[in-house]
Amino acid sequence: MGGAEMGGTGAEGAEAEKGVRIRRAGPDDRAAVVRILDEGFQYDPVSSWVFPDEARRREVHHLLMAAFFELALAEGHVDITEDGSAAALWIDVPADAGESDEEGPAQLRAFVDPDNERIEQIARFTAAIHPHGRAHAYLMMIAATPQRQGEGLGSALIAPVLQECDRVGRPAYLEASSERSPRLYERLGFAPLGEPLRLPDGPPMYPMWREPRV
């Protein structure tokens with residue numbers, strides 16, 4: 001469940017693919033973005049693994065999405081479609097990024113659902129496979145509301161950031177959370193990075209890397 005940031009993408013107020021209008025989200029968009037992520041990932045394989053009880057997932061899943069939104073605002077940026085149907089969370093990872101915050105996963109668990117150890121596990125698992133040593137854009141999360149999925153909104157949201165990556169020579173990284181997602185990202189220039197992350201008794205996640213295009 002992840003992403004990356006790129007400063008100066010030109011996404012704010014821009015018209016992207018298929019006439020989709022995108023703008024940069026701010027703190028006032030918290031409720032709208034959390035709603036998009038909560039609805040979009042409610043039945044995602046990884047979310048279902050983190051919260052196997054569906055009733056409990058409906059209760060607390062939005063808190064995890066809110067935590068990710070705040071992280072993206074602090075360390076990257078959030079893009080949202082003008083009509084509030086899709087959003088993407090990006091984090092800007094510097095080349096000299098140090099080791100992940102050891103306390104972060106436990107704090108995340110305490111905030112979202114203290115009795116659920118899988119919240120802490122997923123944070124540690126994804127941190128362990130995250131590449132280091134090169135500055136890159138990390139697509140932490142991207143989602144569309146269920147009724148708008150399959151309309152190309154994801155590609156429209158991603159395109160301006162990847163264009164900026166190409167312009168400045170910056171790679172990008174993500175973890176795909178379903179078996180069909182890698183095919184979409186491959187069309188955008190991403191390639192598998194190592195072996196899938198296999199969650200204990202759960203679904204695989206697919207780390208993917210994109211070199212900038214000249």
Side-chain angles (χ1 to χ4, degrees), residues 1-7 9 33 37 40-41 44-50 64-79 87-112 116-143 154 157-158 161-162 164-166 168-179 181-186 188-200 202-213:
M1 307 175 74
E5 127 53 269
M6 278 295 305
T9 64
V33 173
L37 299 175
F41 281 96
D44 176 81
V46 176
S47 286
S48 297
W49 179 82
V50 175
L64 183 60
M65 303 299 104
F68 290 151
F69 172 78
E70 297 296 343
L71 178 61
L73 278 190
E75 300 186 12
H77 79 265
V78 178
D79 288 332
L89 276 56
W90 294 89
I91 292 179
D92 190 25
V93 181
D96 60 353
E99 295 297 322
S100 59
D101 180 8
E102 281 297 313
E103 299 299 322
Q107 292 171 349
L108 182 65
R109 172 181 175 179
F111 172 72
V112 177
N116 187 348
E117 66 178 4
R118 288 186 174 181
I119 296 173
E120 186 172 345
Q121 288 177 333
I122 191 69
R124 295 192 186 281
F125 289 151
T126 53
I129 65 170
H130 198 114
H132 298 285
R134 290 181 68 189
H136 60 274
Y138 174 37
L139 179 60
M140 188 159 109
M141 303 196 84
I142 185 167
L157 275 167
I158 294 172
V161 178
L162 296 186
E164 178 67 6
C165 284
D166 293 341
V168 301
R170 181 174 296 188
Y173 171 75
L174 58 83
E175 298 117 4
S177 60
S178 69
E179 291 185 2
S181 296
R183 292 192 293 273
L184 165 64
Y185 295 123
E186 285 173 357
L188 297 173
F190 287 87
L193 181 67
E195 294 296 316
L197 167 62
R198 302 192 181 279
L199 301 173
M205 297 179 70
Y206 304 89
M208 304 188 75
W209 183 264
R210 181 186 186 273
E211 288 291 336
R213 293 173 174 171

Q: How close do Glu179 and Arg183 get, heavy atom to heavy atom, and via which atoms?
A: O-NH1, 3.9 Å

Q: Any side-chain heavy-atom pair from Leu71 and Leu89 closer than 4.5 angstrom?
A: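 Side chain of Leu71 against side chain of Leu89, heavy atoms only: no contact under 4.5 Å found.
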
Q: Return yes if some donor-acceptor pair links the side-chain N/O of Asp44 with the main-chain N/O of Ser178 below 3.5 Å, else return no.
A: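 Not confirmed, Asp44 side chain does not pair with Ser178 backbone.
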
Q: For Glu186, enumerate each residue passing the side chain to side chain contact (heavy atoms under 4.5 Å, CB included) test, keeping only those at least two apart in sequence or located in another chain.
A: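 Listed in chain order: Pro192, Met208.
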
Q: With sequence neighbours left out, what residues match Trp209 under ring pair (Phe, Tyr, Trp, His ring centres under 6.0 Å)?
A: His136

Q: Give a yes or no answer on whether the side chain of Trp49 reaches the backbone of Pro200 with a donor-acceptor pair at less than 3.5 Å.
A: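 It does hold such a pair.
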
Q: So how far is it from Phe111 CZ to Ile119 CD1, rounded to the nearest 0.5 Å?
A: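 Atom-to-atom, Phe111:CZ and Ile119:CD1 are 10.5 Å apart.
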
Q: What pairs with Glu70 under salt bridge (charged side-chain N to carboxylate O under 4.0 Å, His left out), at least two apart in sequence or on another chain?
A: Arg30

Q: Taking all non-hydrogen atoms of both residues, which atom of Leu37 and which atom of Ala143 are closest, and how far apart?
A: CD2-CB, 3.9 Å

Q: Check whether any side-chain N or O of Ser47 sits under 3.5 Å from a backbone N or O of Phe41 as a donor-acceptor pair, and report yes or no.
A: yes

Q: Just verifying a value: how many Å separate Leu174 CG and His130 NE2, rounded to the nearest 0.5 Å?
A: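 Leu174 atom CG to His130 atom NE2 measures 10.0 Å (nearest 0.5 Å).
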
Q: Check side chain to side chain contact (heavy atoms under 4.5 Å, CB included) between Ile129 and all other residues, then give those that pass, not counting sequence neighbours.
A: Tyr173, Glu175, Leu197, Pro207

Q: Taking side chain as C-beta onward, heavy atoms only, is His77 less than 4.5 Å from Val161?
A: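 Yes; the side chains approach each other to less than 4.5 Å.
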
Q: Closest approach of Asn116 and Val50, non-hydrogen atoms and distance?
A: ND2-O, 2.8 Å

Q: Do Arg170 and Pro212 have side chains that get closer than 4.5 Å, going by heavy atoms?
A: no

Q: Between Asp79 and Ile142, does the side-chain contact (heavy atoms from CB on, under 4.5 Å) criterion hold? Intermediate values first, please.
A: CA-CA 9 Å; Asp79 288 332; Ile142 185 167; over 6 Å; no

Q: Can you give me the closest heavy-atom contact between Met205 and Thr126, atom names plus distance?
A: CE-CG2, 4.0 Å

Q: Indicate yes or no: at least one non-hydrogen side-chain atom of Ser181 is less than 4.5 angstrom from one of Tyr206.
A: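 No; the side chains remain at least 4.5 Å from each other.
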
Q: Might you point out which heavy atoms bring Ala67 and Leu108 nearest each other, and give the distance in Å?
A: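 In this case the closest contact between Ala67 and Leu108 is CB-CD1, 3.5 Å.
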
Q: Who pairs with Arg134 by salt bridge (charged side-chain N to carboxylate O under 4.0 Å, His left out), at least two apart in sequence or on another chain?
A: Glu211

Q: Would you call the rings of Tyr185 and Phe190 parallel, tilted or perpendicular, taking 30° and 60° as the class edges?
A: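 Perpendicular.
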
Q: List in chain and number order the residues that pass side-chain hydrogen bond (donor to acceptor under 3.5 Å, both in side chains) with Glu120, two or more places apart in sequence or in another chain; answer none if no residue qualifies.
A: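 Testing Glu120 for side-chain hydrogen bond (donor to acceptor under 3.5 Å, both in side chains), a comparison that skips the adjacent residues, returns Arg109, Arg124.
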
